[in-house]
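Reading through the structure tokens given below for one structure.
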Amino acid sequence: MTENPDQLRERLAADLIRARERTKLLTAVDDTELLHQHSPLMSPLVWDLAHIGNQEELWLLRDVAGRDPLLPETVDQLYDAFQHPRSTRPSLPLLEAVPSRRYVDEVRGKVLDVLERIPLHGRPLLENGFAFGMIVQHEQQHDETMLATHQLRAGEALLTAPPAPAAETLLPQEVLIPGGRFVMGTDIEPWALDNERPAHAVEVPSFFIDATPVTNADYLAFVEAGGYEDPRWWHPDGWKHVRGAGLFAPQFWTREGKSWHRRVFGRTEPLRPQQAVVHVCWYEADAYARWAGRRLPTEAEWEKAARFDPESGRSRRYPWGDDDPTPDHANLGQRHLEPADVGAYPAGRSALGVHQLIGDVWEWTSSEFAGYPGFRAWPYREYSEVFFGGGYRVLRGGSFGTDPSALRSTFRNWDHPIRRQIFSGFRTARSATPEEAHV
Ligand SMILES: [Fe+2]
């Protein structure tokens, strides 16, 4: 990136403002809705709101600019995600709606002043505006979490957006990714978080990966074939979970006679067959793959399919190249409130011809979340390191609810294998036979 300091400041300010417009849209609800806990899996929206402001104050006003706290310091611990699990947050003496809105506005006003004046070098935290980029990403990540809260809430629809694009493109079922080394992770993305670093070579044997994410129609075939009643397809812990929780289909699916519907942000709609399936947990993705005679891709396989350019041997920033995403490349940034049909973003395909790796749905991989060789926690252990080895599975690629400023092909998300309130889908893979690998 060749940006002068003024251009960098301008871009950081624009990203901060865009994130805040989205936060305002997601919290433009009456005070009762803002304070209500819509699901025990989620915080009340008012917690996310003040937590966004509190993290911004801690990093950009107190650390970067050396300012004093704006509120009594006892407030900080209320918004410390490690001290209070989501289910307990409604019982905390949280700031009410009006003081929360006032607090985040006050922090932001001061941050924009700091951004105008502070040198963006001299400290690792400030290099390339990293601390500001981290706060932009933090706000956008909470915005995606708040979007998931909107999907969980009962009652009439509050959000609207045009439908995601349809497609009738006929694509091959799977794509061969040739075996060999490729560079995974990054040393050069200025806003990459510690878990995406360092860049390192990985040997990946030849494999096939689905050209697109698994669709509602594909997944429905598994449901209707009795997939949820047959322990052969399930990981033993997944089978226990599916029986214990009474799962019978992806979250938000309902059946009326022979037809299936899906609840999407307060509206109930017939299933769109060619849309990428969303709201499945890792166990459901894993079971589907086994039923289909396939498996989930590893994280390294996913990243190679997304980034490897066979002509140059280089790893790209995005499947389509190094340019930032545009609306033609991928379904990102809450422009739509649902995944698109598969094949709807041909301009976003990878060098090897794999579609929709970025956007639409987070894609479960078979890999557990861990540090890359040479991992170094930065700027704080709680960002990633404390989650390593905790049984979390990695998701890749972002969803329709992920903002481009919080996503790269190296970006790693992680969650418990039972979680499905996130915008999670998947694609499947299989290892190539020696004959197939040498065509
Ligand atoms: Fe947070």
Side-chain angles (χ1 to χ4, degrees), residues 15-16 18-27 34-35 37-64 69-71 73-90 92 94-95 100-101 103-105 107-108 111 125 130-150 152 191-196 334 362 369 377-388 390 392 394-395 398-399 401-403 405-407 411-416 419 421-423:
D15 282 341
L16 283 166
R18 197 173 76 252
R20 186 51 49 88
E21 280 167 1
R22 186 176 176 198
T23 302
K24 297 243 162 173
L25 179 77
L26 290 162
T27 55
L34 196 72
L35 300 172
Q37 186 173 39
H38 297 278
S39 154
L41 291 176
M42 309 306 271
S43 317
L45 293 169
V46 77
W47 186 92
D48 287 288
L49 178 65
H51 166 82
I52 286 169
N54 187 242
Q55 286 289 304
E56 185 168 335
E57 189 199 350
L58 286 170
W59 285 98
L60 301 182
L61 296 185
R62 291 197 230 163
D63 188 322
V64 165
L70 293 176
L71 298 173
E73 276 183 89
T74 48
V75 170
D76 291 343
Q77 60 83 21
L78 298 174
Y79 298 101
D80 180 340
F82 287 91
Q83 289 197 36
H84 308 288
R86 285 177 179 177
S87 59
T88 66
R89 290 174 192 168
L92 298 172
L94 299 175
L95 296 178
S100 294
R101 295 186 202 276
Y103 173 55
V104 299
D105 286 350
V107 171
R108 176 52 56 86
V111 160
L125 201 57
F130 178 84
F132 293 88
M134 183 176 76
I135 287 301
V136 165
Q137 296 185 70
H138 180 256
E139 181 159 355
Q140 288 287 3
Q141 284 159 4
H142 275 275
D143 287 348
E144 183 164 353
T145 302
M146 290 197 282
L147 188 62
T149 303
H150 274 264
L152 283 161
W191 291 7
L193 300 156
D194 56 4
N195 65 56
E196 299 166 66
Q334 205 183 309
W362 287 103
F369 189 48
W378 194 75
Y380 60 117
R381 272 193 77 238
E382 286 73 19
Y383 188 81
S384 318
E385 195 177 14
V386 295
F387 299 98
F388 294 163
Y392 298 90
V394 174
L395 301 110
S399 76
T402 308
D403 189 81
S405 62
L407 190 69
F411 190 88
R412 308 170 75 197
N413 188 5
W414 64 93
D415 216 328
H416 294 291
R419 289 287 182 254
Q421 87 285 0
I422 53 176
F423 304 116

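Counting starts at 1 for both ligands and their atoms, in listed order.
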Review point. Between CD of Q37 and CH2 of W47, what distance do you get to the nearest 0.5 Å?
Key: 12.0 Å
Review point. Considering the options L125, V111, D15, which one meets the side chain to side chain contact (heavy atoms under 4.5 Å, CB included) requirement together with F132?
Key: V111
Practice item. Mind listing the protein N/O/S atoms less than 2.8 Å away from the Fe ion (ligand 1)? Waters don't count. Key: H51 NE2, H138 NE2, H142 NE2
Check for me whether the distance between the ring centres of [X] and [Y] falls short of 6.0 Å.
X	Y	value
W191	F411	no
W378	F130	yes
F387	Y392	yes

Check your understanding: H51 and H84: ring pair (Phe, Tyr, Trp, His ring centres under 6.0 Å), yes or no, with the steps?
Key -> CA-CA 12 Å; H51 166 82; H84 308 288; over 10 Å; no
